[in-house]
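Scope of the values below: all heavy atoms of this structure, side chains included, with no hydrogens, waters or symmetry mates.
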Amino acid sequence: MGQDAIPGTAGLAIARPAAAWRPALGRALRAAVLTRLGIWAAGVWAVALWGTAGGAWRYDPAGVTRPYGRLGDALVAPLARWDSVWYLAIAHDGYPAQDPQRPAFFPLYPALVHAAGAVLGSPLVAGALLSAACAIAAFVLLARLTELELGPQAARWALWALALFPASFFLGAVYSEALFLALSIGAVYAARTARWPWAGALAALAGGTRSAGVLLVVPLALLWWSARPRRARDAPWLLGAPAGLAAFCAWLALRGGSASAPFHAQDLWFRHFAGPFVGVWDGAVAAWDGARQLLSGSRAHVYFTHAGGDPFVAAGHDLLLFAFLLLALPALWWTFRRLPAAYGAYSLAALALPLSWPVAPQPLMSLPRFELVLFPLFMAGGAWLADGGMRRRAVVLGAFAVGLAVLTAQFATWHWVA
């Protein structure tokens with residue numbers, strides 16, 4: 001079969017589209033269907049067995065996550081909890097000036113939910129379908145990018161590592177993770193294959209989805225610098241990465257609000273700059289205190305309110321979050337070893353955000369969701385799994401699957417996960 005060479009990819013040969021994308025699409029669909037069905041079943045089963053946490057109505061007073069009656073609400077339980085309420089509220093009435101917390105949630109995902117909801121008649125269903133479609137797109141792009149960089153076996157196991165990652169249920173929920181992941185992988189894939197207008201456009205859309213989208217300038221700049229030939233005319237497309245954030249800030253200002261509202265909103269969510277990677281130490285201290293509390297039976301732990309008012313639950317959650325941090329560190333090291341510098345630099349910069357701006361009551365809050373969208377970690381993890389034997393893959397992916405089922409059940413029953 002002939003191949004098309006694409007300039008600026010350092011000699012990388014790209015197969016013709018039909019042949020190149022067919023295996024990735026097949027693998028992605030299999031992984032998506034099997035794992036999403038498992039996630040849905042775990043969530044519905046958990047609600048049927050244990051119901052929902054007491055006082056959950058306080059986090060959704062308008063009932064946007066329970067509009068279908070008892071049976072229907074149980075069926076959508078794994079799809080809409082916690083931050084889903086914020087996205088659905090923004091999809092309904094935007095960013096009113098009297099709610100300064102909303103600008104922490106960027107507009108592209110709720111805007112798409114609003115548009116699709118107008119057609120489907122249900123923003124919740126629209127959000128779930130949008131996330132599912134974006135998750136499939138992200139799986140396909142991850143498989144294709146990993147195959148280009150590390151080969152087909154690494155691509156196969158990278159896909160399953162992402163699909164079974166214990167926090168991957170967020171990719172099917174009414175959250176922006178799936179959209180952001182698809183856009184960020186797409187931007188890097190486009191840059192890797194010298195499609196710079198696409199890279200800039202996708203990076204801009206990612207910046208309109210989450211604040212971390214601005215960090216895509218790191219891998220795009222490094223890929224542009226290492227491209228042969230390096231063309232000056234492609235450099236302006238790097239500005240796409242901060243363009244999404246800038247557009248959101250400008251839009252808020254034009255409406256009479258504050259252009260800095262997305263940053264001030266973080267203060268309302270207890271995030272503060274503590275110093276570069278200080279969150280690592282704070283998270284370790286919180287985990288140590290939590291372990292001592294669980295062993296001693298003391299109820300003196302200062303806990304985050306999302307823990308449901310139980311300090312022992314909060315202590316266990318601090319330990320869980322620290323375990324996710326420990327999981328990310330070797331994956332980051334392996335990323336620098338196995339992939340071009342652009343991938344490791346992006347992962348390090350993206351981890352620097354939550355680890356340098358920790359949450360005061362719970363330093364590593366939301367870390368599993370931050371890790372979920374760091375696709376280079378899964379690419380490198382796929383290579384590590386491919387290099388090992390069947391036992392390594394069975395142990396790691398089996399542990400991931402168990403963790404995924406447990407955290408899905410927690411999420412669906414309105415227990416705080418990330």
Over all heavy atoms of both residues, which pair between A345 and V218 is shortest? Give the atoms and the distance, please.
CB-CG1, 3.7 Å
May I ask you to decide if W357's main-chain N or O and R271's side chain share a donor-acceptor pair within less than 3.5 Å?
yes
A199 and A187 have their tightest heavy-atom pair at CB-O, 3.5 Å
Short side-chain to backbone donor-acceptor contact, T413 and Q410, under 3.5 Å
yes
For residues 30-39, tabulate all N or O donor-acceptor pairs below 3.5 Å that involve a side-chain atom, not counting sequence neighbours.
residue, atom, partner, partner atom, Å
T35, OG1, A31, O, 2.5
R36, NH1, S168, O, 2.8
R36, NH2, A163, O, 2.9
R36, NH2, S168, OG, 3.4

Answer yes or no: is there a side-chain heavy-atom contact under 4.5 Å between W414 and W82?
yes
Side-chain heavy atoms of W157 within contact of V396, under 4.5 Å
no
Ring centroid separation Y175 to F105 under 6.0 Å
no
With the side chain counted from C-beta on, respond yes when Y346 and L215 share a heavy-atom pair under 4.5 Å apart, and no when they do not.
yes
Of all heavy-atom pairs linking A126 and L120, the shortest is CA-CD1, 3.8 Å
Would a distance-only check, ignoring hydrogens and angles, find a side-chain to backbone donor-acceptor pair under 3.5 Å from W224 to R231?
yes
side-chain hydrogen bond (donor to acceptor under 3.5 Å, both in side chains) involving S356 - partner list, sequence neighbours excluded:
none
Test log, rule side chain to side chain contact (heavy atoms under 4.5 Å, CB included), inputs W269 and V359:
CA-CA 8 Å; W269 292 98; V359 175; over 6 Å; no
Can you confirm whether more than 12 heavy atoms, excluding those of W198, are under 6.0 Å from its CH2 atom?
no
Close side-chain approach of F139 and L171, heavy atoms under 4.5 Å
yes
Selection residues 391-418 - residue pairs positive for salt bridge (Lys or Arg N to Asp or Glu O under 4.0 Å), sequence neighbours left out
none
Quick check: do L364 and L325 have side-chain heavy atoms less than 4.5 Å from each other?
yes
I need the H114 NE2 to I90 CD1 distance, nearest 0.5 Å.
13.0 Å
Point-to-point distance, once rounded to the nearest 0.5 Å, from CZ of F180 to CZ of F170
15.5 Å
Does any N or O in the side chain of S84 come within less than 3.5 Å of the main-chain N or O of V174, such that one atom is a donor and the other an acceptor?
yes
Give, for atom CZ of R230 and atom CH2 of W225, the distance between the pair rounded to the nearest 0.5 Å.
4.0 Å
Do L372 and L181 come close enough that some side-chain heavy atom pair is under 4.5 Å?
no
Contacts of S347 that satisfy side-chain contact (heavy atoms from CB on, under 4.5 Å) - sequence neighbours left out
L332, T335, P376, L377
For S131, give me all partners under side-chain hydrogen bond (donor to acceptor under 3.5 Å, both in side chains), at least two apart in sequence or on another chain.
Y109
Could you give the side-chain donor-acceptor pairs of residues 235-254 under 3.5 Å, partners two or more places apart or in another chain?
none

Got a second to check how far F375's CZ is from L145's CG, nearest 0.5 Å?
6.5 Å
So, using side-chain contact (heavy atoms from CB on, under 4.5 Å) as the criterion, who are the partners of A342 when residues are at least two apart?
P219, L222, L223
Closest heavy-atom contact between L159 and A28?
CD2-N, 3.5 Å
Pairs flagged by salt bridge (Lys or Arg N to Asp or Glu O under 4.0 Å) wherever residues 157-174 is involved - sequence neighbours left out
none
Using the salt bridge (Lys or Arg N to Asp or Glu O under 4.0 Å) rule, collect all pairs that involve residues 331-344, keeping only residues at least two apart or in two chains.
R338-D387
List the steps and the verdict of side chain to side chain contact (heavy atoms under 4.5 Å, CB included) for L148 and Y189.
CA-CA 9 Å; L148 291 176; Y189 179 83; 3.1 Å; yes
Derivation of the side chain to side chain contact (heavy atoms under 4.5 Å, CB included) call for M365 and W416:
CA-CA 10 Å; M365 178 183 166; W416 179 250; 3.5 Å; yes
Salt bridge (charged side-chain N to carboxylate O under 4.0 Å, His left out) involving D73 - partner list, sequence neighbours excluded
none
Worked verdict on F322 versus V285 for side chain to side chain contact (heavy atoms under 4.5 Å, CB included)
CA-CA 10 Å; F322 190 66; V285 171; over 6 Å; no
Restricting to non-hydrogen atoms, name the atom on A418 and the atom on H317 that form the minimum distance, rounded to 0.1 Å.
N-NE2, 4.4 Å
Would you confirm whether H272, through its side chain, and D267, through its main-chain N or O, come within 3.5 Å as a donor-acceptor pair?
no
Look at the side chain of R66 and the backbone N and O of D60, then say whether any donor-acceptor pair between them is shorter than 3.5 Å.
yes
Taking the side chain as everything from C-beta on, heavy atoms only, tell me whether D99 gets closer than 4.5 Å to W86.
yes
List for me each residue that meets side-chain hydrogen bond (donor to acceptor under 3.5 Å, both in side chains) alongside E177, sequence neighbours excluded, and say none if there are none.
R210, R369
side-chain hydrogen bond (donor to acceptor under 3.5 Å, both in side chains) involving D282 - partner list, sequence neighbours excluded
none
For residues W160 and L385, determine if any side-chain heavy atom of one lies less than 4.5 Å from a side-chain heavy atom of the other.
no
Looking only at heavy atoms, the pair that brings L319 and G290 closest together is CD1-C, 4.5 Å
At what distance, to the nearest 0.5 angstrom, does CZ of F324 lie from CG of L367?
8.0 Å
State the CE-CD distance between M379 and E147, to the nearest 0.5 angstrom.
11.0 Å
